[in-house]
Amino acid sequence: MATVSAALTKAWAGLLPASSSWAKSTPALPWDQRSTHEPSSVVPGPFDNDTDNIAWAAEVATDARVDYNTLAYIDALEPDPATIQKAFKHPCLKQFWKQEVNEEVDGLMEKGGLRVRYLTDLTEDECARVFGSRFHCKIKRHTSGDKHCKVKRCKVRLIVQGNKMEKGNVFFDSFSLTPRATAMQCIVSTAAAEDMHLHHDTVDFEQAFIQGDWGALPEGEPTCFIRPPSGWDGVAALGLNTVLELCAPLYGHPAAALCLFFTLDEFMTDLGFVKARFDESVWVRQPGGQFKHKLVVGVHIDDSLIASRDLAELEEFKRLLLQRFKGTNGGEVTE
């Protein structure tokens, strides 16, 4: 037990700035010591922002037998739940998982990625293409800096159980081109040698796969359906006689990543980019026309590495990218 407590204390040491009064307090307290639950200038908790930490602390406050410090250690290092049912049983994080589940499915519906259909309206062939679905849970954390190990968000993705799909019937290819490690190292080396600005994973696609265009696939648009996922609040309202049609690629579909790649390739080609000869997941645009400086872009599924000598042109490229693909824009490489 002493070894575990020491490991937790060491792991938590970098989660708060050294100036934090909470960070200077005694790191590990006995489980039977009651917390005072007094507010402080720095809100203690496993998250990287005060809003989520306040919501988390409200759950902790319901049980005076444990203290903020000890529980924050544990929740910050919480392993990913194997199922959404296990996620909903977590005493302090369940509210975040439930919120993410509803935002995930509601977002897919609003973006046109899912459409409600009735089983009685499907043909016999379409009924054979109804598959299961489930939620995948992942706790996203910072990997360096002052917020090292702090939780960014409890991320949920709705995935189709593509392991039940037959090749040649629902899909034809189940691969997607991705850059090798040496290709990304080449971009970093080029950026350093040519004094380029380098932005990594700063264009964050929202629900990336559903932004792929089925029509970009060589074989055309597939038709398949999923049963409403357990854990979503809307299941009860839909009833037993309903399924959800996949109007866009969904996580778990074997062709989803390939569809996103072809859609992205069409966008890059329209902007004048050409694939690098050493790797088809790296695009290069030579100076001329809209951009006066060279742009180099490497993409791994929905994570990007972008390099350019001119920061304004780099930001302009990201602006165009976010016009086509919904997402958010960050900054330079930080971790």
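Just the heavy atoms: all of them, side chains too, but no hydrogens, waters or symmetry mates, feed the values below. What you are looking at is a predicted structure, and each value in this text was computed from that prediction instead of being measured.
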Distance-only, no hydrogens or angles: does the [X] side chain make a donor-acceptor pair with backbone N or O of [Y] under 3.5 Å?
X: His148; Y: Thr143; value: yes
X: Arg134; Y: Thr83; value: no
X: Gln95; Y: Ala55; value: yes
X: Asn241; Y: Tyr118; value: no
X: Gln211; Y: Lys326; value: yes
X: Arg285; Y: Leu271; value: yes
X: Asp233; Y: Asn102; value: no
X: Lys294; Y: Pro287; value: no

Within the structure provided, determine whether [X] and [Y] are in side-chain contact (heavy-atom separation under 4.5 Å).
X: Leu158; Y: Trp232; answer: no
X: Val297; Y: Leu305; answer: no
X: Glu316; Y: Phe291; answer: yes
X: Val151; Y: Asp52; answer: no
X: Val299; Y: Phe261; answer: no
X: Cys259; Y: Phe209; answer: no
X: Phe47; Y: Leu93; answer: yes
X: Leu295; Y: Val284; answer: no

Could you state the interatomic distance from [atom1] ([X]) to [atom2] ([Y]), rounded to the nearest 0.5 Å?
X: Glu103; Y: Glu110; atom1: CD; atom2: CD; result: 10.0 Å
X: Cys154; Y: Lys98; atom1: SG; atom2: NZ; result: 13.5 Å
X: Leu311; Y: His199; atom1: CG; atom2: NE2; result: 5.5 Å
X: Leu119; Y: Cys127; atom1: CG; atom2: SG; result: 6.0 Å
X: His253; Y: Ile159; atom1: NE2; atom2: CD1; result: 13.0 Å
X: Phe262; Y: Asp213; atom1: CZ; atom2: CG; result: 12.0 Å

In terms of hydrophobic clusters joined by side-chain contacts under 4.5 Å, are [X] and [Y] together?
X: Leu320; Y: Val274; value: no
X: Val243; Y: Ile210; value: no
X: Val130; Y: Leu238; value: no
X: Leu114; Y: Phe225; value: no
X: Val235; Y: Trp97; value: yes

Self-check item: Qualifying residue for side chain to side chain contact (heavy atoms under 4.5 Å, CB included) with Leu198, from Ile306, Thr190, Ile187
Solution: Ile187

Exercise. Would you mind telling me which of Lys140, Lys147, Arg141 makes a side chain to side chain contact (heavy atoms under 4.5 Å, CB included) with Asp48?
Key: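 Result for side chain to side chain contact (heavy atoms under 4.5 Å, CB included) with Asp48: Lys147.
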
Quiz item: side-chain contact (heavy atoms from CB on, under 4.5 Å) between Phe278 and Thr182: does it pass, once the steps are laid out?
Solution: CA-CA 10 Å; Phe278 60 86; Thr182 51; over 6 Å; no

Exercise. Start with the C-alpha gap between Phe88 and Phe135, add the side-chain angles, then the distance that decides, and say whether ring pair (Phe, Tyr, Trp, His ring centres under 6.0 Å) holds.
Key: CA-CA 12 Å; Phe88 286 170; Phe135 291 108; 8.0 Å; no

Exercise. With sequence neighbours left out, write down each residue that passes side chain to side chain contact (heavy atoms under 4.5 Å, CB included) with Asp125, or none if nothing qualifies.
Key: Thr123, Arg129

Taking all non-hydrogen atoms of both residues, which atom of [X] and which atom of [Y] are closest, and how far apart?
X: Ala191; Y: Ala307; answer: CB-CB, 4.2 Å
X: Asp279; Y: Ala183; answer: OD2-CB, 3.5 Å
X: His197; Y: Asp310; answer: CD2-C, 4.2 Å
X: Leu244; Y: Met109; answer: CD2-SD, 4.5 Å
X: Ala256; Y: Leu250; answer: CB-O, 3.4 Å
X: Pro79; Y: Ile139; answer: O-CD1, 4.0 Å

Practice problem: Scan Lys138, Arg153, Lys155 and name whichever one has a side-chain hydrogen bond (donor to acceptor under 3.5 Å, both in side chains) with Glu100. | Solution: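 With Glu100 as partner, Lys138, Arg153, Lys155 yield a single side-chain hydrogen bond (donor to acceptor under 3.5 Å, both in side chains), made by Arg153.
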
Quiz item: So, Glu313 and Lys292, do they make that salt bridge, N to O below 4.0 Å?
Solution: no

Self-check item: Ser230 and Gln85: CA distance, side-chain angles, deciding distance, side-chain contact (heavy atoms from CB on, under 4.5 Å) verdict
Solution: CA-CA 9 Å; Ser230 174; Gln85 287 74 23; 3.3 Å; yes

Exercise. Report the C-alpha distance between Asp265 and Glu280 in whole Å, list the side-chain angles of each, state the deciding distance to 0.1 Å, and finish with yes or no for side-chain contact (heavy atoms from CB on, under 4.5 Å).
Key: CA-CA 10 Å; Asp265 183 51; Glu280 292 194 10; over 6 Å; no

Exercise. Show your working on side-chain contact (heavy atoms from CB on, under 4.5 Å) between Glu104 and Arg157 and close with a plain yes or no.
Key: CA-CA 7 Å; Glu104 168 73 2; Arg157 282 289 175 259; 2.8 Å; yes

